[in-house]
Structure formats: C-alpha cells, structure tokens
Trainee: 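Got a structure for you, questions after.
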Amino acid sequence: MGEDGHVSEAFDAVDVISAKRDRAELSDAQIDWVIDAYTRGVVAEEQMSALAMAIYLNGMSPREIARWADAMIRSGERLDFSGLSRPTSDKHSTGGVGDKITLPLAPLVAACGVAVPQLSGRGLGHTGGTLDKLESIPGWRASLSNEEMLAQLEDVGAVICAAGTGLAPADKKLYALRDVTGTVSCVPLIATSIMSKKIAEGTGSLVLDVKVGSGAFMKELGQARELAETMVRLGTDAGVKTVALLTNMETPLGLTAGNALEVRESVEVLQGGGPPDVVELTLALAREMVAGAGRDDVDPADVLADGRAMDVWRRMIRAQGGDPDAPLPTARETHVVVAPADGVLVQLDALAVGVAAWRLGAGRARKEDPVQAGAGVEIHAKPGAVVRGGEPLLTLHTDEPERFDRALESLEGGFLIAPEGSRPDLPPIVIERVS
Ligand code: URA
C-alpha cells in the first residue's frame with residue numbers, strides 16, 4: 001500500500017493494451033494482473049474493451065490462452081465433487097436452435113451411474129437457454145445453494161441449475177462486456193470463457209458439443225475445429241478428461257424451438273419417442289460422458305429404453321420444486337406457415353427459425369427481459385421430407401399476435417423446396433470427434 005492509501009499496481013493497463021495491440025505476447029504476470037485488476041474494478045471497462053478487441057484482432061498463443069483461463073478460474077471459487085460416491089461428468093454446448101439435449105441427457109447419464117452437475121445459463125439472442133426452458137415447468141426453481149446442489153447430486157444424480165455468482169466472476173464481467181463490444185466470436189476468448197467456468201465447476205470429465213452451421217457461433221467447420229481443439233487442450237491440461245463432438249447446426253435440432261415446446265419434446269425422448277436427431281445426439285453425448293466417467297459398461301440406449309432415465313427426470317424436477325405431471329403452458333395464439341408448392345424440403349435454416357422463435361417471445365433481447373413460456377416454433381417437416389403445397393410446414397406460437405409479422409419476416413428465404421425427386425445432401429448430426 002502506498003502512503004496515500006492506494007494499493008500500488010504491478011502494471012499499467014495502457015502498457016498491457018499497447019503490448020497486445022503491437023502483437024507482443026503477454027507475460028504470465030501481466031495476464032494474472034489484468035484479470036485480477038479487472039475483477040477488482042481497477043482496470044476500467046473501456047480499457048478491458050480495448051484489450052478484448054486487441055486480442056480479437058491479434059489472437060493469443062497457447063501459453064497465453066492457458067494462463068488467461070487459469071487467471072479467470074482463480075478469480076473465484078472452485079467447487080469440489082470429490083466427496084460424491086460416483087464419478088462426475090458434464091456437457092457443454094456452444095448453443096444452437098432447438099438444442100434441448102441437456103434436458104434428456106442429464107437424467108439419462110445420471111441413470112447410468114454418473115453424477116451430472118449441469119450449471120446452465122439463460123438464453124440471449126436467437127439461441128435458447130436451458131434454465132428458461134425448465135422454468136416453463138410449474139414450480140421449478142433454477143437457483144440452488146452449493147450445499148443443495150451437492151445433496152441433489154448424491155441423492156438423484158443430476159442437477160440442472162443456475163451457475164452461482166462465485167464461479168469465474170472475471171468471466172461474468174468480461175462476457176457481458178464482449179457482448180456489447182463486438183468481441184464475442186473470438187476463439188481464445190470463447191474457449192477461455194467456457195473452460196474457466198467448467199474447470200472451476202469441478203467436473204471430473206467433460207464433453208463439449210461444438211455446433212457448426214448457420215444457427216451456431218461457428219459457421220465454418222475449420223473455426224469450430226479450432227475452438228474444439230483449444231477447449232480440449234485447456235480441459236486436458238487442467239486434469240479434466242475432455243472430448244468434443246462437432247455437430248450439425250445448419251437446421252434446428254428436433255421439431256421444436258421454444259421453452260415449453262422443447263420441454264414437451266424432451267419428455268417424449270425420455271418416454272422412448274421423440275425426433276430421431278434428438279435421440280441420436282442425446283445417445284452420442286451420453287456414451288461419451290459415460291465413457292469419460294469410466295462407466296462404459298453401461299449402454300445409455302438400454303437405460304433410455306427401459307424408463308430409468310425417465311424416473312431420474314421426474315425425481316430431478318421434483319427435487320427443484322417442479323411438478324413433472326403439471327400441464328405445460330401453451331401460447332394463446334398460433335399461426336401456420338404452409339408449404340408454397342409440392343416438392344422436397346431441402347433446407348430449413350436454423351438461424352431463421354431461431355430468430356423467429358426469439359421474435360415470438362421465446363428469447364430475450366436484453367438480460368433483464370422476461371421470456372414467454374409457450375412461445376416458439378413447431379416444425380412439421382425437416383430437410384429431406386416430401387411436402388405438398390398448402391400443407392403445414394411450421395406453426396408459430398406466441399401470446400402476442402402482433403409478433404407474427406416480424407417472425408414471418410425472419411423466415412423469408414429460410415426454407416427451400418426443390419422439385420420432387422431431389423435428394424438433398426444432408427450432413428450427419430455428429431460431424432467429427434476431437435479428443
Ligand atoms: N458461451 C460462453 O460461456 N462464453 C462465450 O464466450 C461464448 C459462449
């Protein structure tokens with residue numbers, strides 16, 4: 001502390017920003033200081049914005065990335081699941097349209113004997129948030145104390161809840177800043193943001209679902225692969241068994257995008273039905289999680305088929321105050337979009353559907369906005385399907401019919417019908433595995 005009562009700082013923020021602007025590598029000490037000083041409020045928001053933009057433009061070396069993630073982990077608490085009687089595994093998705101996979105996946109993996117601590121977020125923009133979806137279940141509560149979370153993990157095996165404010169607080173500030181400064185879509189910043197939270201959370205193994213395509217952060221396969229490799233390296237170096245699947249997000253997952261609509265579809269999967277793409281991805285991720293936790297003696301397909309996953313779902317929802325038997329909310333108004341001609345649906349664009357669901361009220365434009373539980377888009381035909389002119393393609397749901405026009409605008413050009421006999425080139429759900 002100086003004579004004037006101020007803590008003397010090890011570095012000057014302008015020097016750190018200038019170094020990155022001029023393409024120098026930041027030292028470990030500079031990175032530790034800038035993350036800590038930003039968390040303390042000593043590095044101002046405008047200075048961190050300039051640094052984030054310099055990183056966005058000039059990148060970071062693998063050493064800088066590892067240190068940046070580590071400094072963000074050290075900005076807050078670390079959870080410890082080592083006292084649990086079963087191994088832990090978690091999944092993180094980089095976000096997509098209709099991506100409700102966490103809902104059937106967490107109880108399925110728990111029913112295979114693995115504890116699943118799924119700390120989730122809310123939706124922002126066109127991708128939905130897991131907590132918003134579950135909050136459409138009457139009574140369900142997203143906030144749990146660390147003690148409640150541990151007790152539920154031991155008892156039920158699966159928890160989906162809001163991440164507490166104690167985990168990686170540096171990321172919380174930085175992510176909000178990146179959101180308003182055009183610095184979100186940058187591999188080093190995304191990788192360190194996601195992995196600092198997952199490593200601080202204390203999971204023993206981790207499966208990353210890195211989405212590729214129009215509805216994802218990463219539109220190109222090469223970019224998605226780079227993100228996956230960077231995150232796998234960060235996890236592995238931190239002692240977390242980490243693998244990534246690159247998965248298709250050109251078209252929405254399943255047949256619904258919207259909160260209660262997606263819960264309904266997830267329950268169908270747990271009942272042994274549901275759309276084939278949702279079932280396929282749920283099982284692919286479950287197999288990775290179960291293997292990562294050393295339980296590859298169990299086949300998740302058997303556990304899904306015999307109802308054990310459904311039993312855990314019901315207990316998981318009840319443990320957080322929800323009623324798994326209560327009717328789900330539905331929107332007051334619907335509008336049907338019909339196929340304009342006979343033919344084969346060759347494209348249904350994930351971004352167009354995601355933006356439509358968002359505009360119907362399923363998502364929020366600002367963090368503090370409420371979401372409508374019943375709003376969203378129901379899909380009646382997926383790419384590859386034969387359609388007849390005049391038959392329903394999509395049903396739009398909302399409580400506020402004045403929202404239909406803007407939702408319909410986002411769907412213009414969002415689907416393509418080719419002459420009968422066309423065979424669209426459909427990518428597989430799981431495109432690649434990175435380990
Ligand atoms: N999700 C995160 O948590 N961080 C990012 O930077 C992007 C997506």
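The residues of the chain are indexed from 1 along the displayed sequence. Counting starts at 1 for both ligands and their atoms, in listed order.
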Trainee: Considering the options Asn248, Thr94, Thr247, which one meets the side chain to side chain donor-acceptor pair (under 3.5 Å) requirement together with Lys211?
Mentor: Thr247

Trainee: Show the protein residues that qualify under the rule heavy atom under 4.0 Å from an atom of ligand 1, listing them in chain and number order.
Mentor: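 Correct list: Tyr175, Arg178, Ile190, Ser193, Ile194, Lys197, Phe217.
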
Trainee: Compile the donor-acceptor pairs under 3.5 Å between side chains in residues 250-262 and protein atoms, sequence neighbours left out, one pair per line.
Mentor:
residue	atom	partner	partner atom	Å
Glu250	OE1	Ser214	N	3.4
Thr251	OG1	Leu348	O	2.6
Thr256	OG1	Lys100	NZ	3.4
Thr256	OG1	Glu265	OE1	3.2
Thr256	OG1	Glu265	OE2	3.4
Asn259	ND2	Ala362	O	3.1
Asn259	ND2	Gln372	O	3.3
Glu262	OE1	Lys133	NZ	3.0
Glu262	OE2	Gly258	N	2.9

Trainee: Is it the case that the side chains of Glu378 and His397 hold a donor-acceptor pair, with the cut-off being a distance below 3.5 Å and no angle test?
Mentor: yes

Trainee: Could you work out, with ring pair (Phe, Tyr, Trp, His ring centres under 6.0 Å) as the rule, every residue matching Phe404, not counting sequence neighbours?
Mentor: His335

Trainee: Please tabulate, for the side chains in residues 405-412, all donor-acceptor contacts under 3.5 angstrom to protein atoms that are two or more places apart in sequence or on a different chain.
Mentor:
residue	atom	partner	partner atom	Å
Arg406	NH1	Glu409	OE1	3.4
Ser410	OG	Ala356	N	3.4
Ser410	OG	Ala407	O	2.7

Trainee: Is any side-chain N of the basic residue among Lys382 and Asp277 closer than 4.0 Å to the acidic one's carboxylate O?
Mentor: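 Between Asp277 and Lys382 there is a salt bridge, with a charged N closer than 4.0 Å to a carboxylate O.
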
